[in-house]
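Shown next, in structure tokens, is the structure this report addresses.
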Amino acid sequence: MTDIAKRTGTDAPDSSAPDADEPELEEALFDAPERGSADELLDAGAHSELDAMRHSTAHVMAEAVIELFPGTQLGIGPAIADGFYYDFKLDRPLTPADLAAIEERMAASVAADQPFVRRELPPEEGRAFFAERNQPFKVEILDDLAAKATADGTSMPPTTLYQHGPFEDLCKGPHVASTAKIGPFKLLAISGAYWRGDEKRPALQRIYGTVWQSQEDLDGYLWRRAEAKKRDHRRLGVALDLFSFHDVSPGSAFWHPKGQKIWRTLEAAMRELQDRRGYQEVSTPILVHKKLWEQSGHWANYDDNMFRVEVEDQTFSLKPMNCPESTYIYRSKLRSYRDFPIRYSEYGRLHRNERSGTLSGLTRVRQFIQDDAHVFVRPDQLTDEIGALLGEVREAYSWVGLTPRFAFATKPDKAIGDPALWERAEQLIKEAFAAADISYVVKPKDGTFYAPKIDIYIDDALGREWQMATIQADLVMLPERFDLTYVDEDGKQQRPIAIHRAIYGSLERFIGILVEHFAGAFPLWLAPVQAVVVPIADRHIDAARELAGVLRERGLRVEVDESSNRMQYKIRAAQEQKVPYMVVLGDREIEARTASPRTRAGEQQPAEAWETFADRLAAESRARGVA
RNA sequence: GCCGACAUAGCUCAGCGGUAGAGCAGCUGUUUCGUAAACAGCAGGUCCGCAGUUCGAAUCUGCGUGUCGGCUCCA
């Protein structure tokens with residue numbers, strides 16, 4: 001789903017010329033076929049030479065699978081980011097050993113240098129072709145296209161097929177000239193996938209593969225995958241003693257002291273920003289009667305995803321969001337047009353009953369805390385306020401060295417409320433973007449059920465894209481459904497606009513992403529332990545404690561390694577814990593009362609007086625940036 | 001929730017029908033060392049849980065729980 005935004009990078013659609021190598025890109029962005037449609041199923045994702053090669057590799061893989069497993073029914077096999085997949089209906093589950101055999105067959109097909117040949121059949125012949133070969137999924141695609149043509153009053157286009165060697169498939173193309181043009185490839189994984197993504201339809205087996213122009217590119221990609229695995233926050237979270245998961249509360253993290261330190265540090269930074277920006281922090285109940293969610297519209301949309309609690313014949317739920325409750329504070333008194341903006345922030349614990357199969361480390365959890373806020377403004381203030389919020393996003397992300405990118409998610413099909421209000425909300429967001437001179441991509445129908453939104457993305461150190469912050473302009477849910485009003489200068493009742501915003505998003509997820517982005521080596525200001533003092537021998541321990549005291553006086557987080565290990569071992573231990581600074585203390589340093597810091601990058605810094613060193617670290621930590 | 005796989009010491013993993021093993025971490029002792037691993041010893045386990053098959057189950061089967069890779073979903 002984030003693929004579209006990724007492909008277009010930070011450039012606004014209207015400000016960037018299409019890339020010469022990828023002439024179809026802009027078109028692809030805006031004419032992306034509707035999800036699950038027959039058009040989408042035929043769209044092989046081949047929008048560039050590389051994509052064409054990837055899709056061609058999918059054909060070659062299908063050829064191999066059919067040869068090894070006669071009678072296999074084919075789903076679809078598009079190019080995707082970094083590779084391709086193909087879905088198959090097979091008689092038995094595939095195993096990793098099967099992948100090796102398939103790869104071997106594929107290699108033979110590539111070596112045979114078989115040309116890809118396109119041909120067209122009249123629609124009815126095309127349908128018969130796949131019906132005869134017992135390919136019901138292909139027949140279904142063609143039937144859908146025919147139905148669509150009838151509905152549109154157009155004529156059914158001819159069926160296009162691509163053939164290489166013994167294999168011929170329904171396909172819009174394009175393809176590379178021949179199988180010999182296929183670069184180095186590797187099959188990566190087997191997984192399940194439903195036909196057309198619908199869990200009520202047949203379950204197919206999907207094989208993922210990757211293919212590149214050169215061995216170097218393939219190696220680079222495989223390295224990135226291996227590196228991502230090494231950086232996996234679930235692995236590093238254990239190694240760095242940050243958090244853990246236990247089956248007594250699936251989908252919920254247990255925060256260890258060091259992880260909690262990172263959490264508190266992030267939260268403190270955000271609170272400092274919010275105080276500066278005039279936010280007022282509030283706190284609302286976690287256990288709330290279901291009538292609140294009926295009123296907000298959440299019950300209708302997310303009934304199954306809320307944890308229910310029955311109390312004395314009444315149904316309550318653990319709150320999945322903070323927003324509706326903030327309206328009770330808003331309505332606790334009469335509001336004047338002079339009062340705005342009213343900025344309520346809240347770090348409430350939220351619970352969402354995510355389906356068991358979707359849980360994943362810190363990035364997909366059942367309970368979490370957002371740096372949430374609801375800002376109530378007059379309509380004339382919305383543009384300025386959104387501009388200011390975009391500034392908050394940029395500031396907060398600069399603390400961790402990330403550059404935000406922006407997307408505009410518009411009204412979805414399940415939207416509630418007056419369409420005119422939606423139109424207005426979307427218009428106001430566009431104006432805010434223009435006023436802030438910020439470029440963005442549009443994600444049609446990707447808004448929430450109550451508001452269009454600005455979604456903020458980042459690319460991490462491995463080039464992976466993550467959705468982070470969100471800013472939503474709500475003219476419907478809080479204002480209308482909860483009847484929010486204020487008195488204007490003429491004494492008349494007016495509706496405010498409610499902006500929902502979260503900058504880190506969920507703290508759990510944000511920390512998980514940071515762990516992977518930094519590979520556990522947090523910048524000084526965030527590191528749970530900022531420096532380790534390493535006494536060389538036991539006689540240096542007292543001085544080490546004294547130095548630690550000097551550092552702690554300045555608010556720095558310091559440990560002294562008093563173990564009986566050798567200095568080299570202590571350095572290695574600190575290094576593995578990714579501690580930013582190690583300070584070895586021996587006879588020489590103690591006599592001169594100096595510190596010779598070693599950074600975790602392995603750099604030996606010049607000796608300096610204890611106080612100078614402490615002041616330097618404290619200043620670096622306060623500056624809250626990436627070194 | 002669905003498809004597939006996996007679950008053995010704190011961590012990483014071996015063992016795969018005959019009563020449980022290694023490395024690292026931990027503890028104890030020796031060592032007091034100059035920028036990424038000193039040496040020795042000790043301790044550590046309802047082999048995820050519950051049933052079943054078997055003379056005998058960590059090992060085979062079923063059910064449950066959790067995790068992983070995907071699908072779907074993500075206010």
Side-chain angles (χ1 to χ4, degrees), chain A residues 1 35-36 85 87 90 92-96 188-208 229 232 234-235 238-239 241 244-251 293 296-306 319-324 350 352-361 363-365 370 372 412 414 416 446-451 453 467 470 472 474 477 500 502 505-506 509 534-541 563-576 582-589 596-600 602-605:
Chain A
M1 98 190 159
R35 202 173 164 70
Y85 68 79
D87 288 343
L90 292 156
R92 68 161 172 88
L94 291 166
T95 66
L188 299 172
I190 307 157
S191 71
Y194 300 106
W195 171 237
R196 302 179 93 158
D198 182 345
E199 64 188 29
K200 294 182 186 67
R201 307 297 306 270
L204 309 177
Q205 298 188 64
R206 175 171 298 177
I207 303 178
Y208 284 93
K229 202 173 172 188
D232 191 321
R234 291 166 297 194
R235 177 190 285 265
V238 174
D241 197 15
S244 54
F245 288 89
H246 304 279
D247 61 8
V248 290
S249 187
W293 311 112
S296 70
H298 287 92
W299 200 262
N301 278 290
Y302 296 104
D303 175 14
D304 291 343
N305 292 307
M306 284 192 238
K319 66 176 172 183
M321 305 199 76
N322 297 307
C323 46
L350 308 180
R352 296 180 184 177
N353 189 8
E354 307 289 0
R355 298 163 93 187
S356 57
T358 64
L359 301 176
S360 179
T363 48
R364 193 71 186 273
V365 289
Q370 290 178 328
D372 202 6
K414 61 180 177 180
I416 58 168
D446 208 34
T448 74
F449 73 87
Y450 55 81
K453 58 177 179 167
Q467 199 219 305
T470 185
Q472 308 167 352
D474 176 12
M477 195 244 294
H500 308 237
S506 115
R509 181 179 153 84
V534 176
I536 290 180
D538 285 354
R539 66 176 181 278
H540 306 125
I541 286 180
S563 71
S564 68
N565 293 302
R566 298 173 63 210
M567 175 206 64
Q568 287 89 333
Y569 184 94
K570 295 177 185 177
I571 287 173
R572 181 181 149 88
Q575 195 79 45
E576 285 185 335
M582 286 147 263
V583 191
V584 173
L585 222 50
D587 295 334
R588 295 204 297 264
E589 287 79 8
S596 358
R598 174 204 157 98
T599 68
R600 67 187 158 200
E603 181 202 357
Q604 190 63 52
Q605 299 185 329

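Lettering follows sequence order; numbering is per chain, from 1.
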- Query: What distance separates D587(A) CG from I536(A) CD1, expressed to the nearest 0.5 Å?
  - Reply: 7.5 Å

- What distance, rounded to whole Å, do you find between the two C1' atoms, one in C68(B) and one in U28(B)? 39 Å

- Value rounded to 0.5 Å, distance of CZ in R92(A) from CD in Q205(A): 8.5 Å

- Taking the side chain as every heavy atom from C-beta outward, state whether R598(A) and E603(A) have any atom pair closer than 4.5 Å. no

- Query: How would you list, by chain and number, every residue that makes a ring pair (Phe, Tyr, Trp, His ring centres under 6.0 Å) with Y194(A), sequence neighbours excluded?
  - Reply: none

- Looking at residues at least two apart in the chain, or sitting in another chain, which of them share a salt bridge (charged side-chain N to carboxylate O under 4.0 Å, His left out) with R509(A)? none

- Message: Each nucleotide in nucleotides 34-46 of chain B should get exactly one letter: B, S or -. Can you fill that in based on protein heavy atoms under 4.0 Å?
- Response: BBBBB--------

- Mind checking the C1' distance from A58(B) to A14(B)? Whole angstroms is fine. 12 Å

- OH of Y450(A) to CG of N301(A): how many Å apart, nearest 0.5 Å? 10.5 Å

- With sequence neighbours left out, what residues match E589(A) under salt bridge (charged side-chain N to carboxylate O under 4.0 Å, His left out)? none

- Item | Candidate nucleotides G1(B), U32(B), A75(B), ranked by approach to the side chain of K453(A) - the nearest | A75(B)

- Sequence neighbours excluded, the answer for ring pair (Phe, Tyr, Trp, His ring centres under 6.0 Å) partners of Y302(A) is none

- What integer number of Å spans the P atoms of C50(B) and U46(B)? 12 Å

- Query: Are I207(A) and L94(A) close enough that some pair of their side-chain heavy atoms sits under 4.5 Å apart?
  - Reply: yes

- Mind checking the C1' distance from C16(B) to C74(B)? Whole angstroms is fine. 41 Å

- Rounded to whole Å, CE of M306(A) lies from P of C74(B) at a distance of 14 Å

- Message: Once you apply a heavy-atom cut-off of 4.0 Å, does N305(A) come out as touching a base, just sugar-phosphate, or nothing?
- Response: base

- Task: Answer whether the closest heavy-atom distance between the side chains of D446(A) and P412(A) falls below 4.5 Å.
- Result: no

Can you check nucleotides 65-68 of chain B for protein contacts, nitrogen or oxygen pairs under 3.5 Å, and list what you find?
{"unit_1": "C68(B)", "atom_1": "OP1", "unit_2": "R234(A)", "atom_2": "NH1", "d": "2.9"}

- Between N353(A) and N305(A), does any side-chain donor sit less than 3.5 Å from a side-chain acceptor? no

- Task: Measure the CG-NE2 distance between D372(A) and H500(A) for me, rounded to the nearest 0.5 Å.
- Result: 9.0 Å

Table of protein N/O atoms under 3.5 Å from nucleotides 60-64 of chain B N/O atoms:
none

- Taking atom C1' in both A57(B) and C47(B), compute the distance separating them and give it to the nearest angstrom. 11 Å

- Query: Looking only at side-chain N and O atoms, does K414(A) come under 4.0 Å of OP1 or OP2 in C74(B)?
  - Reply: yes

- Query: Would Y302(A) count as stacked on A75(B) if the rule is ring centres under 5.5 Å and plane angle under 30°?
  - Reply: yes

- Message: Taking any heavy-atom pair under 4.0 Å as a contact, classify N301(A): base, sugar-phosphate, or nothing.
- Response: nothing

- Message: Salt bridge check, D304(A) against R355(A): does any charged N sit closer than 4.0 Å to a carboxylate O?
- Response: no

- Task: With P as the reference atom in both, quote the distance from G4(B) to G64(B) in angstrom, rounded to an integer.
- Result: 13 Å

- Item | Residues forming a salt bridge (charged side-chain N to carboxylate O under 4.0 Å, His left out) with R201(A), sequence neighbours excluded | E140(A)

- Item | Set of residues satisfying ring pair (Phe, Tyr, Trp, His ring centres under 6.0 Å) with respect to H540(A), sequence neighbours excluded | none

- Query: If the P atom of A36(B) is compared with that of A75(B), how far apart are they to the nearest Å?
  - Reply: 48 Å

- Item | Pairwise P distance, C42(B) and G49(B) [rounded to whole Å] | 29 Å

- Message: Rounded to whole Å, how long is the line connecting atom NE2 of H298(A) with atom C1' of C74(B)?
- Response: 12 Å

- Round to the nearest Å and state the distance from E354(A) atom CD to C2(B) atom C1'. 16 Å

- Query: Do R235(A) and C11(B) have a side chain to base donor-acceptor pair shorter than 3.5 Å?
  - Reply: no

Kindly give the atom pairs (protein nitrogen or oxygen, nucleotide nitrogen or oxygen) under 3.5 Å for nucleotides 3-7 of chain B.
{"unit_1": "C3(B)", "atom_1": "O2", "unit_2": "G192(A)", "atom_2": "N", "d": "3.4"}

- Could you give the CG-to-P distance, from D303(A) to C74(B), as a whole number of Å? 15 Å

- Query: In whole Å, what is the span from the CD atom of Q370(A) to the P atom of C74(B)?
  - Reply: 16 Å

- Task: Provide, to the nearest angstrom, the distance between the CZ atom belonging to R355(A) and the P atom belonging to G70(B).
- Result: 17 Å

- Can you tell me which stems involve RNA chain B, if a stem is defined as three or more consecutive Watson-Crick or G-U wobble pairs, both distances under 3.5 Å? B:1-7 with B:65-71, B:10-13 with B:21-24, B:26-30 with B:38-42, B:48-52 with B:60-64

- Message: Within the structure provided, determine whether M477(A) and C323(A) are in side-chain contact (heavy-atom separation under 4.5 Å).
- Response: yes

- Expressed in angstrom and rounded to an integer, what is the separation of I207(A) atom CD1 from G69(B) atom P? 19 Å

- For R234(A), salt bridge (charged side-chain N to carboxylate O under 4.0 Å, His left out) partners two or more places apart: D232(A)

- Message: What is the distance, to the nearest angstrom, from the CZ atom on R364(A) to the C1' atom on A75(B)?
- Response: 11 Å

- To the side chain of R206(A), which of C33(B), A75(B), C71(B) is closest? C71(B)

- From U72(B), U32(B), A75(B), nucleotide with atom closest to R539(A) side chain: U32(B)

- 4.5 Å side-chain heavy-atom contact, Q604(A) and S596(A): yes

